[in-house]
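Structure first, commentary second.
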Amino acid sequence: MPAPHRIDRLTAADFPDTVKGLAELLVDAVDDGASMGFLAPFDHETAAAWWQTQTPAVAGGALAVWVCHDADGITGTVSLAFSQKPNGRHRAELLKLIVHREARGQGIARALLATAEAAATAAGVTLLLLDTRTGSPAERVYGAEGWTRYGIVPAYAADPDGSLEDCSFFYKHLTTPTGS
């Protein structure tokens with residue numbers, strides 16, 4: 001990744017100030033056809049409102065959000081949702097790995113993924129989970145970074161245009177699990 005990019009974990013205090021940039025990034029992804037949980041048309045106000053609903057989880061530590069940015073603003077993001085169940089404290093879900101169309105091909109997705117994985121390990125998480133559209137560029141990144149696909153669910157999620165798409169589910173053990 002080129003030197004001008006920096007990755008920072010957002011604190012509860014600085015999260016509200018990044019909502020506008022995160023919303024722009026999310027709108028870019030949905031406009032590009034990414035299955036991010038939203039349907040077209042998708043505007044900045046709706047995206048910002050969604051990010052604002054994440055504020056309590058960020059403040060409470062249930063959600064960690066990182067942004068990659070350069071002099072022009074936010075170029076990428078990734079989040080980790082930590083399990084709140086007593087029997088699941090060893091796992092977390094990787095969410096919303098997004099790189100702006102104009103910043104792709106610079107290693108940002110891999111850098112964000114590595115950052116989230118390192119933070120998960122530091123937090124004592126040993127198992128990460130995620131899902132992504134089958135056949136997407138993201139699926140190739142996860143496979144290349146050591147994630148294991150454990151299944152495909154047909155017609156799992158809708159693309160922004162409403163078309164149902166298959167979804168691949170992945171896991172990654174960050175350390176050797178005990179008892180398995």
Side-chain angles (χ1 to χ4, degrees), residues 1 3 5-23 25-26 29 34-37 47-48 50-70 73-100 103 106-133 136-151 156-157 167-180:
M1 185 169 70
H5 293 277
R6 191 176 83 226
I7 297 174
D8 294 308
R9 182 174 175 172
L10 299 177
T11 66
D14 56 27
F15 184 76
D17 293 334
T18 62
V19 165
K20 181 181 178 196
L22 287 166
L25 188 65
L26 185 55
S35 178
M36 304 299 295
W50 181 83
W51 278 110
Q52 288 170 343
T53 66
Q54 305 310 302
T55 301
V58 172
L63 182 69
V65 180
W66 290 265
V67 292
C68 179
H69 46 92
D70 61 16
I74 296 174
T75 58
T77 188
V78 68
S79 299
L80 276 179
F82 297 96
S83 177
Q84 300 302 293
K85 297 177 182 177
N87 73 342
R89 301 283 165 97
H90 67 288
R91 67 179 182 254
E93 185 177 0
L94 189 94
L95 305 169
K96 301 285 185 266
L97 176 58
I98 308 169
V99 176
H100 194 281
Q106 299 177 36
I108 294 171
R110 283 182 168 81
L112 285 164
L113 187 57
T115 298
E117 289 177 10
T121 298
V125 170
T126 59
L127 177 65
L128 289 177
L129 304 164
L130 66 82
D131 65 85
T132 192
R133 185 175 58 213
S136 69
E139 184 179 38
R140 291 187 291 279
V141 169
Y142 299 130
E145 295 302 313
W147 288 72
T148 302
R149 185 171 69 187
Y150 65 89
Y156 181 79
C167 191
S168 295
F169 290 78
F170 286 82
Y171 71 89
K172 186 172 188 178
H173 284 287
L174 300 176
T175 60
T176 304
T178 57
S180 60

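Computation of the quantities below employed the complete heavy-atom set of this structure, encompassing side-chain atoms and omitting hydrogens, waters and symmetry-equivalent molecules.
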Would you please test Q54 and V19 for side-chain contact (heavy atoms from CB on, under 4.5 Å) and show each step?
-> CA-CA 10 Å; Q54 305 310 302; V19 165; over 6 Å; no
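For F15, the ring-ring contact (aromatic ring centres under 6.0 Å, His included) test picks out no residue, with sequence neighbours left out. Qualifying ring-ring contact (aromatic ring centres under 6.0 Å, His included) partners for W147, counting only residues two or more places apart in sequence or in other chains: Y142.
Screening residues 55-66 for salt bridge (Lys or Arg N to Asp or Glu O under 4.0 Å) gives no qualifying pairs among residues at least two apart or on separate chains. Sorted pairs that involve residues 82-91 and meet salt bridge (Lys or Arg N to Asp or Glu O under 4.0 Å), not counting sequence neighbours, are lacking altogether. Identified under the salt bridge (Lys or Arg N to Asp or Glu O under 4.0 Å) test for residues 55-69, with sequence neighbours left out: none.
In this structure, the side chains of L22 and T77 come closer than 4.5 Å at one or more pairs of heavy atoms. Using a 4.5 Å cut-off on side-chain heavy atoms (C-beta onward), K20 and W51 make no contact. Under the 4.5 Å side-chain criterion, counting only non-hydrogen atoms from C-beta, L113 is in contact with L94.
Classified by interplanar angle (parallel below 30°, tilted 30° to 60°, perpendicular above 60°), the ring pair Y150/F169 is tilted.
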Got a list of side-chain donor-acceptor pairs under 3.5 Å for residues 56-67, not counting sequence neighbours?
none

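For A92 against L80, the heavy-atom pair with the smallest separation is CB-CD2, 4.3 Å. In this structure, A23 and A48 approach most closely via the heavy-atom pair CB-N, 3.5 Å. Counting all heavy atoms, side chain and backbone alike, A103 lies closest to I108 at O-CD1, 3.6 Å. Of all heavy-atom pairs between L174 and E117, the closest is CD1-O, 3.9 Å. For the pair I7 and C68, the tightest heavy-atom approach, listed with the atom from each and the gap, is CG1-CB, 3.9 Å. Here the closest heavy-atom approach between residue P16 and residue A13 is recorded as CD-O, 3.6 Å.
The structure places CE of M36 at 8.0 Å from CH2 of W50, a figure rounded to the nearest 0.5 Å. Atom NE2 in H100 sits 11.0 Å away from atom CD1 in I74 (nearest 0.5 Å). Put simply, CD on E139 and CZ on R133 are 10.0 Å apart, with the number rounded to the nearest 0.5 Å. Rounding to the nearest 0.5 angstrom, the gap separating the CG atom in L26 from the CD1 atom in I98 is 5.0 Å. Note that CG of L130 is 9.0 Å distant from CG of L95, once rounded to the nearest 0.5 Å. Residue F170 holds its CZ atom at 8.5 Å from OG1 of T148, rounded to the nearest 0.5 Å.
A donor-acceptor pair under 3.5 Å links the side-chain atoms of D14 to the main chain of T11, judged by distance alone. Between the side chain of T18 and the backbone N or O of G21 there is no donor-acceptor pair closer than 3.5 Å. With K172 contributing its side chain and E145 its backbone, the two residues share a donor-acceptor pair below 3.5 Å.
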